[in-house]
Enquirer: 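Quick one: structure below, then a few questions.
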Amino acid sequence: GQNWTEAQVEQLAELGTVGIGDILDYMGTQKFLNRVSKYAGCGYGTMCSRASGRLKETAQMYLDYLGMRKKRGYDMTNSVYLFPRKLEAAHAKMVEECNKEEYDKRTQEVNERFQMIKKNYRKLRKRFFFQDDEYMIRPARDAGEIVREGRILHHCVGGDTYLERHDTGQSTILFLRHREAPETPYITVEIGTEALEIRQWYGAHDKKPDRDRMQKW
């Protein structure tokens with residue numbers, strides 16, 4: 001029922017957003033677009049090669065976050081819930097809240113089953129830890145942290161196959177993060193422990209954000 005401008009329609013189409021209708025009951029179209037731009041740190045229609053992908057990923061994360069809030073019965077008129085200061089951290093918190101009971105049980109189980117991941121952490125950190133001005137990469141601290149990574153990013157790294165490969169030294173699971181947000185999952189990397197080849201790397205929903213730049217990094 002809103003009167004959208006042509007520019008707003010184009011921006012929403014650019015974001016490729018799905019399921020936005022319910023969310024717009026709580027905020028106007030322009031406010032949603034402004035928030036996505038603010039969280040992404042870049043604007044619409046810019047020449048930045050990373051802007052389009054970053055905006056789409058941010059819009060999907062924002063909708064996912066708001067959907068979880070709504071599903072759990074939060075007051076969606078409360079601006080604190082609608083407009084979190086840090087979207088990535090707020091999204092991660094909601095994912096954990098939605099899955100806490102199941103997650104706690106799974107974490108305890110895998111930490112008991114795959115104890116070598118924690119035991120080998122310091123040795124692997126000395127070998128693989130690296131950071132520059134923008135990003136950092138490190139191995140998983142324990143099996144439970146790998147499960148958390150998979151749940152937040154919605155991919156399969158938390159499955160037993162990957163946990164066993166890391167636990168037995170067949171491969172190593174590394175977490176690539178923004179340096180300014182070292183505890184917020186961004187990209188998960190699996191490398192061969194001996195040959196050091198990159199076997200695979202994925203961000204949220206099995207996507208490869210900023211593919212060319214991150215592959216080079």
Side-chain angles (χ1 to χ4, degrees), residues 39-40 50 53-54 56-58 60-62 64-65 68 86-96 98-100 102-104 106-107 109-111 113-132 134-217:
Y39 289 137
R50 293 180 291 157
R54 177 62 176 162
K56 289 179 181 179
E57 293 160 15
T58 303
Q60 189 54 58
M61 179 180 288
Y62 191 30
D64 194 33
Y65 160 79
M68 287 188 287
K86 296 183 178 180
L87 178 60
E88 289 87 352
H91 181 270
K93 183 178 180 180
M94 284 308 303
V95 170
E96 292 192 0
C98 289
N99 297 283
K100 188 175 187 311
E102 180 184 352
Y103 169 75
D104 288 347
R106 172 70 173 162
T107 298
E109 174 200 348
V110 298
N111 280 337
R113 289 176 57 198
F114 304 106
Q115 297 183 23
M116 293 305 296
I117 296 176
K118 182 175 182 178
K119 291 180 179 179
N120 288 330
Y121 168 68
R122 292 188 179 279
K123 178 177 68 175
L124 292 174
R125 180 181 170 86
K126 288 180 180 179
R127 186 177 186 188
F128 296 120
F129 176 83
F130 174 77
Q131 66 181 1
D132 60 15
E134 192 169 0
Y135 300 105
M136 60 161 287
I137 193 166
R138 66 167 174 82
R141 297 186 183 109
D142 56 31
E145 192 175 39
I146 297 178
V147 170
R148 175 179 180 269
E149 181 92 349
R151 286 182 180 274
I152 291 176
L153 295 181
H154 301 285
H155 58 41
C156 59
V157 75
D160 285 2
T161 298
Y162 296 100
L163 293 170
E164 184 173 357
R165 290 211 293 252
H166 187 119
D167 191 67
T168 58
Q170 298 174 59
S171 66
T172 301
I173 302 298
L174 302 175
F175 299 153
L176 194 164
R177 309 271 174 84
H178 291 281
R179 185 170 177 176
E180 63 183 21
E183 298 304 318
T184 301
Y186 179 47
I187 290 173
T188 314
V189 183
E190 182 187 25
I191 64 171
T193 304
E194 296 303 323
L196 300 183
E197 79 279 8
I198 298 175
R199 292 184 174 178
Q200 56 183 327
W201 65 271
Y202 290 104
H205 302 281
D206 289 322
K207 305 294 184 182
K208 293 195 172 185
D210 197 11
R211 179 192 292 261
D212 292 342
R213 185 164 182 259
M214 295 316 304
Q215 181 69 44
K216 181 179 179 180
W217 195 90

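No experiment lies behind these values; they were computed from the predicted model shown.
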Enquirer: Looking at Gln170 and Glu164, what are the two nearest heavy atoms and their distance?
Expert: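 For Gln170 versus Glu164, the nearest heavy atoms are NE2-O, 4.3 Å.
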
Enquirer: Distance check, rounded to the nearest 0.5 Å: Asp142 atom CG versus Gln115 atom CD?
Expert: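 Atom-to-atom, Asp142:CG and Gln115:CD are 11.0 Å apart.
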
Enquirer: Measure the spacing between CZ of Arg113 and CG of Leu163 and express it to the nearest 0.5 Å.
Expert: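 So the CZ of Arg113 and the CG of Leu163 are separated by 8.0 Å.
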
Enquirer: Can you check whether Ile152 reaches Glu96 side chain to side chain, under 4.5 Å on heavy atoms?
Expert: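 A side-chain contact exists here, since the closest heavy-atom pair is under 4.5 Å.
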
Enquirer: Would you say the side chain of Thr168 lies within less than 4.5 Å of the side chain of Met116, judging by non-hydrogen atoms?
Expert: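 A side-chain contact under 4.5 Å is absent here.
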
Enquirer: What's the separation between atom CG in Leu124 and atom OG1 in Thr172, rounded to the nearest 0.5 Å?
Expert: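 Taking CG in Leu124 and OG1 in Thr172, the distance rounds to 5.0 Å.
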
Enquirer: When you compare the side chain of Pro185 with that of Arg148, does any pair of heavy atoms fall below 4.5 Å?
Expert: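 Sidechains of Pro185 and Arg148: in contact.
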
Enquirer: In sequence, state the C-alpha distance, the side-chain angles, and the governing distance for Arg177 and Glu149, and then conclude on salt bridge (charged side-chain N to carboxylate O under 4.0 Å, His left out).
Expert: CA-CA 11 Å; Arg177 309 271 174 84; Glu149 181 92 349; 2.7 Å; yes

Enquirer: Suppose we screen for salt bridge (charged side-chain N to carboxylate O under 4.0 Å, His left out). Which residues come up paired with Asp206, at least two apart in sequence or across chains?
Expert: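 If we apply the salt bridge (charged side-chain N to carboxylate O under 4.0 Å, His left out) test to Asp206, skipping adjacent residues, there are no hits.
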
Enquirer: When rounded to the nearest 0.5 angstrom, what distance separates CD1 in Ile191 from CG in Leu174?
Expert: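 One gets 4.5 Å once the value is rounded to the nearest 0.5 Å.
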
Enquirer: Show the nearest heavy-atom pair for residues Pro139 and Tyr121, with the distance to one decimal.
Expert: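 Looking at all heavy atoms of both residues, the shortest contact is O-CE1, 3.5 Å.
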
Enquirer: Under a 4.0 Å N-O cut-off, is there an ion pair linking Asp104 with Arg151?
Expert: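 Answer for the salt bridge query: no.
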
Enquirer: Are the side chains of Arg125 and Arg141 in touch, meaning some heavy atoms are under 4.5 Å apart?
Expert: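 Contact flag for Arg125/Arg141 side chains = no.
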
Enquirer: Evaluate the side-chain proximity of Phe130 to Trp217: yes if any heavy-atom separation is below 4.5 Å, no if none is.
Expert: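 Touching, per the 4.5 Å side-chain cut-off.
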
Enquirer: Hey, is the main chain of Gly169 close enough, under 3.5 Å, to the side chain of Thr193 for a donor-acceptor pair?
Expert: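 Present.
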
Enquirer: So do Ile137 and Gln131 actually touch side chain to side chain, heavy atoms under 4.5 Å?
Expert: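 No. Closest side-chain heavy atoms not under 4.5 Å.
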
Enquirer: Roughly how far apart are Glu145 CD and Glu183 CD, rounded to 0.5 Å?
Expert: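 The distance works out to 6.5 Å.
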
Enquirer: Does the side chain of His178 come within less than 4.5 Å of Glu88's, by heavy atoms?
Expert: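 No - every pair of side-chain heavy atoms lies 4.5 Å or more apart.
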
Enquirer: For a 4.5 angstrom cut-off between non-hydrogen side-chain atoms, does Asp160 reach Phe114?
Expert: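 Contact flag for Asp160/Phe114 side chains = yes.
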
Enquirer: Do Lys207 and Tyr202 meet the cation-pi criteria used here (NZ or CZ under 6.0 Å from the six-membered ring centre, within 45° of the axis)?
Expert: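 No, Lys207 does not sit over the ring of Tyr202.
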
Enquirer: Output the distance between atom CG (Leu153) and atom NE2 (His91), rounded to the nearest 0.5 Å.
Expert: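 Spacing of CG (Leu153) from NE2 (His91) equals 9.0 Å.
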
